[in-house]
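Following: one structure in structure tokens, then a few remarks.
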Amino acid sequence: MGQQENAQPVLDVRNLAVHFKTYDGLVRAVDGVSYTVPHGRTLGVVGESGSGKTVASLAIMGLIPKPPGIIPTGEVLFDGTDLMRLNREQIRRIRGRRIAMIFQDPMTSLNPFLRISTQMTEAMQLHLGLSRSKALDRAVELLETVGIPAAGRRITSYPHQFSGGMRQRVMIAMALSCDPSLIIADEPTTALDVTIQAQILELLKKLQSETGTSIILITHDLGIVAGMCHHICVMYAGKIVEKATAGELFARPLHPYTLGLLKSLPRLDAEAKEKLTPIHGLPPDLIHNPPGCNFEPRCPFCIQKCKTQEPPLLDVAPGRASACWVNVENNEPR
């Protein structure tokens, strides 16, 4: 990595909960999430749609609308500072400067009425105090860094004049513009073809090795995190159900949900006639959570205890944690 890894993590999330008040009841979108992101490392946060991955990242960035959102519990320690205790002006000084976010859809994140030059230089003028001309020069350098040809000419274009892959590169360049310590990449390759996906992921790895920036990679695709992330958190129904290094997770999944995600993932080494195994059923209603384990209605390993008692996330091996009453390796209760 570009920097020597520090003992203190760049981000330490502790018991973070995010709820939303609706006419139907209280939605527990994130319910007690904890994880750390070391310096110069990539953490993958994986789960299907509605698992709370994006909401947790928006809470870190201070972008949860209040109301209807509320954050009843949680600490988010960024380089030792609890972001949850900062006011709006204090978090604005950090957001975009020290923590940057690459949003899922660059076409809706970029202002269609403003040229790329205006959108890229604004943050540098605000956070770094650069003049318009110096900010423009740096913007061109960043576009060249992320692989946009003829950057000096293309920077005056509008977002619609770029392809999807090029717009995502613009978003990455904007995220890097103020040399952040942490980048949150929320589904950065969604809606891109596999060739462009590989290019974007390779670009993020290259930039991380050069700058030492830490990354949180949010995705529903375990195939993406396989070669990108050092550690992985698997989320389901607003909770983390498994933590592991990437190698350990793929070699020995310990939670039935993780196992289900892996079985539904196409593999190049599998026989052509081998069928994928879907995870049957639907995610739970986050307003009326069932008693016991949230995954129990969809779990092939469930026992009677799963129906009445919610399993805590416990360390089951060095550097590994799982929230399950069953050992999926031998199908026996823990």
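Note that the CG atom of Asp137 and the CG atom of Leu142 stand 11.0 Å from one another [nearest 0.5 Å]. Separation of atoms NE2 (His231) and OG1 (Thr42) is listed at 11.0 Å; rounding is to 0.5 Å. If you take CZ on Phe103 and CG on Leu58, they are separated by 6.5 Å, rounding to the nearest 0.5 Å. Taking NE2 from His160 and CZ from Phe113, the interatomic distance works out to 11.0 Å, rounded to the nearest 0.5 Å. Rounding to the nearest 0.5 angstrom, the gap separating the SG atom in Cys293 from the NZ atom in Lys307 is 10.5 Å. In this structure, the separation between CD1 on Ile218 and OG on Ser51 is 9.5 Å, given to the nearest 0.5 Å.
A donor-acceptor pair is defined here as one N or O able to donate and one able to accept, closer than 3.5 Å; such a pair exists between the side chain of Gln208 and the backbone of Thr213. Formation of a donor-acceptor pair under 3.5 Å by the Arg115 side chain with backbone atoms of Thr156 is found in this model. With hydrogens and angles ignored, the 3.5 Å screen pairs no side-chain donor or acceptor of Thr118 with any backbone N or O of Leu114. His39 places a side-chain N or O within 3.5 Å of a backbone atom of Gln8 that can act as its donor or acceptor partner. Between the Lys205 side chain and the Gly227 main chain, a donor and an acceptor come within less than 3.5 Å of each other. The backbone N or O of Asn15 sits less than 3.5 Å from a side-chain atom of Ser34, completing a donor-acceptor pair. Distance alone, capped at 3.5 Å, is enough to place a donor-acceptor pair between the Thr22 side chain and the Asp24 backbone. Of the possible donor and acceptor atoms, one in the side chain of Lys53 sits under 3.5 Å from a partner among the backbone N and O of Gly47. The closest donor-acceptor contact from the side chain of Glu75 to the backbone of Met84 lies at 3.5 Å or more, if one exists at all. For the pair Glu242 (side chain) and Ala323 (backbone), a donor-acceptor distance under 3.5 Å is absent.
A salt bridge is defined here as a Lys NZ or Arg NE, NH1 or NH2 lying under 4.0 Å from an Asp or Glu carboxylate O, and Arg85 with Asp82 meets this definition. Using a 4.0 Å cut-off between charged nitrogen and carboxylate oxygen, Glu248 and Arg252 do not count as a salt-bridge pair.
A 6.0 Å sphere centred on CZ of Arg132 holds more than 12 heavy atoms belonging to other residues, nucleotides or ligands. For Glu122, the CD atom is loosely surrounded, since the number of other residues' heavy atoms within 6.0 Å does not exceed 12.
A tilted orientation is assigned to the rings of Tyr236 and Tyr257, their planes being inclined by 30° to 60°.
At a threshold of 4.5 Å between non-hydrogen side-chain atoms, the residues Val37 and Ser214 count as touching. Contact of the Met235 side chain with the Val241 side chain is not registered, since no non-hydrogen atoms from C-beta on lie closer than 4.5 Å. The shortest side-chain heavy-atom distance between Tyr35 and Leu11 falls under the 4.5 Å cut-off. Side chains of Lys66 and Ile71 form a contact here, defined as non-hydrogen atoms less than 4.5 Å apart. Counting heavy atoms from C-beta outward, Thr145 and Leu207 have side chains that approach closer than 4.5 Å. Put simply, the side chain of Leu143 reaches to within 4.5 Å of the side chain of Met120, judged on heavy atoms. Put simply, the side chain of Val33 does not reach to within 4.5 Å of the side chain of Lys239, judged on heavy atoms. Side-chain contact check for Arg320 versus Lys243: every heavy-atom pair is 4.5 Å or farther apart.
No single ILVMFWY cluster, assembled from side-chain heavy atoms under 4.5 Å apart, contains both Leu126 and Met101. Under a hydrophobic clustering in which Ile, Leu, Val, Met, Phe, Trp and Tyr are joined whenever their side-chain heavy atoms come within less than 4.5 Å, directly or via other members, Leu314 and Leu254 fall into different clusters. Under the 4.5 Å side-chain heavy-atom criterion for ILVMFWY residues, no single connected hydrophobic cluster contains both Ile70 and Phe20. Val45 and Leu262 end up in the same hydrophobic cluster when Ile, Leu, Val, Met, Phe, Trp and Tyr side chains are linked at under 4.5 Å. When the side chains of ILVMFWY residues are joined at heavy-atom separations under 4.5 Å, either directly or via intervening members, Leu86 and Leu63 end up in a single hydrophobic cluster.
Between Met166 and Pro149 the shortest heavy-atom distance is CE-CD, 3.8 Å. Looking at every heavy atom in both residues, Leu204 comes nearest to Ile215 through O-CD1, 4.1 Å. Here the closest heavy-atom approach between residue Thr121 and residue Ala139 is recorded as CG2-CB, 4.4 Å. Of all heavy-atom pairs between Gly69 and Ile64, the closest is CA-CG2, 3.9 Å. Considering all non-hydrogen atoms of both residues, Val30 and Leu16 come closest at CG1-O, 3.3 Å. In this structure, Leu286 and Gly50 approach most closely via the heavy-atom pair CD1-O, 4.0 Å.
For the pair Arg154 and Phe162, the cation-pi criterion (under 6.0 Å, within 45° of the ring axis) is fulfilled.
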| request: Just do the salt bridge (Lys or Arg N to Asp or Glu O under 4.0 Å) check on Lys206 and Glu202 with the steps written out, would you? | output: CA-CA 6 Å; Lys206 176 176 178 290; Glu202 194 60 37; over 6 Å; no
| request: Could you check Thr36 against Asp12 for side-chain hydrogen bond (donor to acceptor under 3.5 Å, both in side chains), going step by step and ending with a plain yes or no? | output: CA-CA 4 Å; Thr36 60; Asp12 187 359; 5.7 Å; no
| request: Output, in order, the C-alpha distance, side-chain angles, deciding distance and verdict of side chain to side chain contact (heavy atoms under 4.5 Å, CB included) for Phe295 and His255. | output: CA-CA 10 Å; Phe295 191 62; His255 194 278; 4.3 Å; yes
| request: Give the intermediate values and the outcome of side chain to side chain contact (heavy atoms under 4.5 Å, CB included) for residues Leu43 and His230. | output: CA-CA 6 Å; Leu43 172 73; His230 302 92; over 6 Å; no
| message | For Val234 and Ile240: C-alpha separation, side-chain torsions, deciding distance, then whether side chain to side chain contact (heavy atoms under 4.5 Å, CB included) applies. | response | CA-CA 6 Å; Val234 180; Ile240 292 177; over 6 Å; no
| request: Begin with the C-alpha distance, continue with both residues' side-chain angles, and end with the deciding distance and a verdict on side chain to side chain contact (heavy atoms under 4.5 Å, CB included) for Tyr158 and Leu110. | output: CA-CA 9 Å; Tyr158 290 91; Leu110 294 169; over 6 Å; no
Quick one: side chains of residues 169-185, donor-acceptor pairs under 3.5 Å with protein atoms, not counting sequence neighbours, listed by atom name and distance.
{"from": "Arg169", "atom 1": "NH1", "to": "Val146", "atom 2": "O", "distance (Å)": "2.6"}
{"from": "Arg169", "atom 1": "NH2", "to": "Gln199", "atom 2": "OE1", "distance (Å)": "3.0"}
{"from": "Ser177", "atom 1": "OG", "to": "Met174", "atom 2": "O", "distance (Å)": "2.7"}
{"from": "Asp179", "atom 1": "OD1", "to": "Arg138", "atom 2": "NH2", "distance (Å)": "3.2"}

